[in-house]
Number of protein chains: 2
Amino acid sequence: AQTFEEIGVADFFYRNRDIAGFTSPSRAVFSAIRELVENSLDAAEDVGALPDVRVWMFKKGETTSGVSIYKVRVEDNGSGVPPQSIPSAFGKVLFGSKFKLRQARGTFGLGGTMAILYGQITTNKPVKVISSAGGPKAFAYKLMIDVERNRPIVLSRKVLNNGSGWRGTIIELHLEGDYLRAMPKVLEYLKQTALVNPHANITFVDPKGRLYVFSKATEDVPRPPKETKPHPYGVDVELLQRLIRATNCRNMLDFLRAHFHRVGEVMAKRFLESAGLDALRDPRSLTHDEVVQLSQEMKSFKWFLPPDASCLSPLGEELLRAGIAKELRPEFIAVCQRKPSAYSGHPFIVECAMAYGGDIPKAEYFTLYRFANRIPLLYDEASDVSFKVIRSINWSRYKISSDMPIAIFVHICSTKVPYKTIGKEFIADRQEVKREILFGIREVARQVQRFLSKREKAERQRKR
Amino acid sequence: AQTFEEIGVADFFYRNRDIAGFTSPSRAVFSAIRELVENSLDAAEDVGALPDVRVWMFKKGETTSGVSIYKVRVEDNGSGVPPQSIPSAFGKVLFGSKFKLRQARGTFGLGGTMAILYGQITTNKPVKVISSAGGPKAFAYKLMIDVERNRPIVLSRKVLNNGSGWRGTIIELHLEGDYLRAMPKVLEYLKQTALVNPHANITFVDPKGRLYVFSKATEDVPRPPKETKPHPYGVDVELLQRLIRATNCRNMLDFLRAHFHRVGEVMAKRFLESAGLDALRDPRSLTHDEVVQLSQEMKSFKWFLPPDASCLSPLGEELLRAGIAKELRPEFIAVCQRKPSAYSGHPFIVECAMAYGGDIPKAEYFTLYRFANRIPLLYDEASDVSFKVIRSINWSRYKISSDMPIAIFVHICSTKVPYKTIGKEFIADRQEVKREILFGIREVARQVQRFLSKREKAERQRKR
Ligand SMILES: Nc1ncnc2c1ncn2[C@@H]1O[C@H](COP(=O)(O)OP(=O)(O)OP(=O)(O)O)[C@@H](O)[C@H]1O
Ligand SMILES: Nc1ncnc2c1ncn2[C@@H]1O[C@H](COP(=O)(O)OP(=O)(O)OP(=O)(O)O)[C@@H](O)[C@H]1O
Ligand SMILES: [Mg+2]
Ligand SMILES: [Mg+2]
């Protein structure tokens, strides 16, 4: 007969490492560095600091079967983590500070913890975390993860004098890895991260002691993204029930104005009228079926204003142009920032660019650079929504052929990037996102077409 | 300042629907049917029955914004679920009976529950489950999921007289969906499921009342897969610690023989000698560092026997050939079953086939059919390890060109299929798996090459 069991969530990710991007020793090196660097960038932006992220990798030995063991150390000047939250932040899966509706690189609450988990199951060494919020004290922890119960095991905790008022976090972990195979992807990742984060200083010392420096190109800190409320178009029954359970509002008018994005008094009244709901009704008195009806009415009410994207922090055309120029030195760059749109109530902005010539190689097909919330996506390109859009375009209409030296950039920023995988390899093809990418790429394709025909004309005139 | 929160695992999958394959109303229809059908097939095989799975979809209405609401009903003749386990099996994520090292379609403990969760958040209707193990009673539950706490909410529970001794499970759920867009994929899924499960009867009635019948082609039930123990090459420190905590063995010799696959007395002694560990030592007395050393020594000991694959249940060359012949009526079929191999201690077998002509269309590239543990994989083909292998092959060596009417089949069966995504869209590229697929495809490519050159020769002789 069958035996039934329940497993914990950390145990789930321990058993299914491929899911979180830890398929092999080389992928593990990439994923570990990436997760830690993204946490550091988020932490620096949280306090409005120009990020200074330093990564070291030291070779520490080899296993008896010849796989290398590395120590990875990442140090940042971010917000630091409050001491009482350090054990859970690094020793518990689905614990974190990014579960809000706000644009950030982190979103799942498990990336950094997965890197620590992988390190622990391959080397059985604890992670070392040192963190301070800038006060007189800094806190140093040695932690392991209780995988079956998904909770931190604190091996040691020390309080240090922080005379210099240093603020930030240092993480040190050991893991089995294959740096040689991972190296090209790691360096490409850091290079592309620097491209879309020109305000950040990133340095990397690899196991051979080679230093790679990606220094900041600007002193301007990007406008920090703001937290937003859910938009009426993104509600479902579960969300409504949670809001009703937690609300202090005692009538529907206040409830709609207080909890939803861009719903003011006038709009709330208009909606309640059209839905046939009494404005003075206590939200907690709604029946099950009324909640379902409310959810459907909110989704279909035509007059709600689209989500405003002031809560988002896109790259901006100037920065995108500057980053591409620096990295690829192309002859021509076309850039386009689409107007804000939304899927399931989540606002998003798509930014596209197309570059021609310079250091861009001629290849069988265009070179595609994908980014989401200022992080580069380097794997599984063919499943990504951007790739599918590019493949669907008839390029001969723009007198562009796929073997030209052309690079295409797509960046999407949102309060919730619709990743298809836990390892953030690629983005799911949501209709609304697909449409915006298509319009963005068509716009830059037209600009490149104009550039090419001007060039051709000039070429022809020169020949006469 | 940051606010830290912890979310539950059901809440995690509620917030990240794209991850589990519920990206859009049309994808949701596909995913829901697929998850329920796979559970039914697993349940029938658990009791050695010839599966009889019936699927109905009824249109139940429309939301105010015009999205259709469907009722999905799936009935099977499987094992049934013990009444005390029904609420958790269908109302709790990461609860199930497939967490063992045994080949099955299910592996994560969340597929069916996710379909129920998606139905609940879009329609707020409970799921109905009726199940019996064949005894005098059947049990009917109405359930919902408490998303925040990841536990079932039992709305009603009835005990029914089961006079006819019926055995099986019936699931009824409502969900928002788009059957029109989903239809081609749903029908393709059922067709390909029938192809690799020729012992199963599958019927489907769609919302328009059209009946689709995929009747069984054989009465033979495949050899049921057996549960196996972990193989020494797949250990890590976490696994060893769990085994040591739970073991009744009081010396290392017994410990190795009792808990590991294909480790007998002689082998255990040889290993312990080479690792320098005392055979009489109590496993519970090992220190932290000794456990790490033991894990590394086990991974690198060259003389352990490879995992034996008697625990697996591959399709078999005959069945694969018969299934392809029935569906595509090709002129020629080459089939190859590779010898068992292993990755991370999990045994797997790769089966390949290549078919030429008949109903196979000429296209820009080969048609690829992918299967894992007897389920078809229909999405994100370009990220799958099989696709990458096929793209890496120089086909001109086999005088085959990609625009020929050729279909390639790859099936992998294992105690743990290395899926890359929770939605089981595609398989991660583990080195060992990649190698076996490459050798399998090369073998069938050679056979097709021989067939084509014979055909050509015959053609030429006829012309003279
Ligand atoms: N370098 C850091 N500085 C400050 N806080 C950090 C740092 N690293 C991690 N944290 C805190 O620990 C939490 C957990 O990190 P983790 O990477 O596991 O999840 P996440 O970043 O929230 O989401 P994701 O899984 O998408 O990465 C974060 O939410 C953050 O609050
Ligand atoms: N039709 C069925 N007959 C018998 N048992 C079932 C049926 N459907 C589900 N179950 C039981 O409920 C459990 C949970 O099912 P669920 O689909 O959520 O996870 P799973 O099948 O174990 O894994 P996966 O996430 O890979 O599908 C199963 O493990 C099985 O024990
Ligand atoms: Mg993170
Ligand atoms: Mg299942």
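Every chain is numbered from 1 and lettered A, B, ... according to where its sequence line falls, protein lines coming before strand lines. These numbers come from a predicted model, not from an experiment.
Closest approach of B:Ser300 and A:Thr64 over heavy atoms only: OG-OG1, 3.1 Å.
Contacts of B:Asp46 with chain A are made by side-chain atoms alone, with heavy-atom separations under 4.5 Å and no backbone atom involved. Contacts between B:Lys416 and chain A at a heavy-atom distance below 4.5 Å involve the side chain alone, from C-beta outward. At a 4.5 Å heavy-atom cutoff, B:Lys98 makes no contact with chain A through either its backbone or its side chain. Only the side chain of B:Tyr14 comes within less than 4.5 Å of a heavy atom in chain A; its backbone stays farther off. B:Leu117 does not touch chain A: none of its heavy atoms, backbone or side chain, sits under 4.5 Å away. At a 4.5 Å heavy-atom cutoff, the contact between B:Ser85 and chain A is made by side-chain atoms alone. Using a 4.5 Å cut-off between heavy atoms, B:Asp429 contacts chain A through its backbone alone, with no side-chain atom that close. Neither the backbone nor the side chain of A:Gln293 comes within less than 4.5 Å of any heavy atom in chain B. Of the two parts of B:Arg102, neither the backbone nor the side chain holds a non-hydrogen atom closer than 4.5 Å to a non-hydrogen atom of chain A. For a residue to count as touching a neighbouring chain, one of its non-hydrogen atoms must lie under 4.5 Å from one of that chain's; by this rule B:Met144 touches chain A with the side chain only. Neither the backbone nor the side chain of B:Glu381 has a heavy atom closer than 4.5 Å to any heavy atom of chain A. Within the 4.5 angstrom heavy-atom criterion, only side-chain atoms of B:Arg27, from C-beta onward, approach chain A. Only the side chain of B:Leu110 comes within less than 4.5 Å of a heavy atom of chain A; its backbone N, CA, C and O stay farther away. In this structure, no portion of B:Ser88 lies under 4.5 Å from any heavy atom of chain A.
Chosen from B:Val81, B:Thr123, B:Val237, B:Ile7, the residue pairing most often with chain A at heavy-atom distances under 4.5 Å is B:Ile7. When B:Arg242, B:Lys92, B:Gln120, B:Lys388 are compared by the number of non-hydrogen pairs under 4.5 Å with chain A, B:Arg242 comes out ahead. Contact count versus chain B (heavy atoms, under 4.5 Å) is highest, among A:Val9, A:Val147, A:Asn150, for A:Val147. In terms of heavy-atom pairs under 4.5 Å with chain A, the best-connected choice from B:Glu297, B:Lys302, B:His288 is B:His288. Highest contact tally toward chain A, considering only B:Phe4, B:Tyr379, B:Phe95, is held by B:Phe4 [criterion: heavy-atom pairs under 4.5 Å]. Ranked by heavy-atom pairs under 4.5 Å with chain B, the list A:Ala133, A:Ser97, A:Pro418 is led by A:Ser97. Among B:Ala382, B:Ser383, B:Pro82, the residue making the largest number of heavy-atom pairs under 4.5 Å with chain A is B:Ser383.
The 12-atom threshold is not exceeded at NZ of B:Lys142, counting heavy atoms of other residues, nucleotides or ligands nearer than 6.0 Å. Counting heavy-atom neighbours within 6.0 Å of B:Arg181 CZ, excluding the residue itself, gives a total of 12 or less. By the 6.0 Å contact criterion, CZ on B:Arg149 is open, its count of non-hydrogen atoms from other residues, nucleotides or ligands being 12 or less.
Near-neighbour residues of residues 421-428 of chain B relative to chain A, defined by a heavy atom under 4.5 Å from a heavy atom of that chain, comprise B:Thr421, B:Ile422, B:Glu425, B:Phe426, B:Ala428.
Between A:Phe12 and B:Phe13, the angle of the ring planes goes over 60°, which puts this pair in the perpendicular group of the 30/60° scheme.
Using a distance-only test at 3.5 Å, with no hydrogens or angles considered, no donor-acceptor pair links the side chain of B:Thr63 to the main chain of A:Gln296.
When side chains are defined from C-beta on, B:Arg17 counts as touching A:Asp236, because their heavy atoms get closer than 4.5 Å. Counting heavy atoms from C-beta outward, B:Ser24 and A:Gln431 have side chains that stay 4.5 Å or more apart. A:Lys125 places none of its side-chain heavy atoms less than 4.5 Å from the side chain of B:Val292. Here the side chains of A:Arg15 and B:Thr107 are not in contact, with every heavy-atom distance at 4.5 Å or above. In this structure, the side chains of A:Asp42 and B:Gln2 stay at 4.5 Å or more apart for every pair of heavy atoms. Two residues are said to be in side-chain contact when any heavy atoms from C-beta on lie closer than 4.5 Å; B:Thr23 and A:Arg430 meet this criterion. Residues B:Lys299 and A:Val67 form no side-chain contact, since every pair of their non-hydrogen atoms from C-beta on lies 4.5 Å or further apart. Side-chain contact between A:Asn16 and B:Phe108 is present, with at least one heavy-atom pair separated by less than 4.5 Å.
A search for ring pair (Phe, Tyr, Trp, His ring centres under 6.0 Å) contacts involving B:Tyr419 returns nothing, not counting sequence neighbours.
Going from atom CD1 of B:Ile121 over to atom CD of A:Gln241 covers 11.5 Å, rounded to the nearest 0.5 Å. Taking CG from B:Asp11 and CZ from A:Phe99, the interatomic distance works out to 8.5 Å, rounded to the nearest 0.5 Å.
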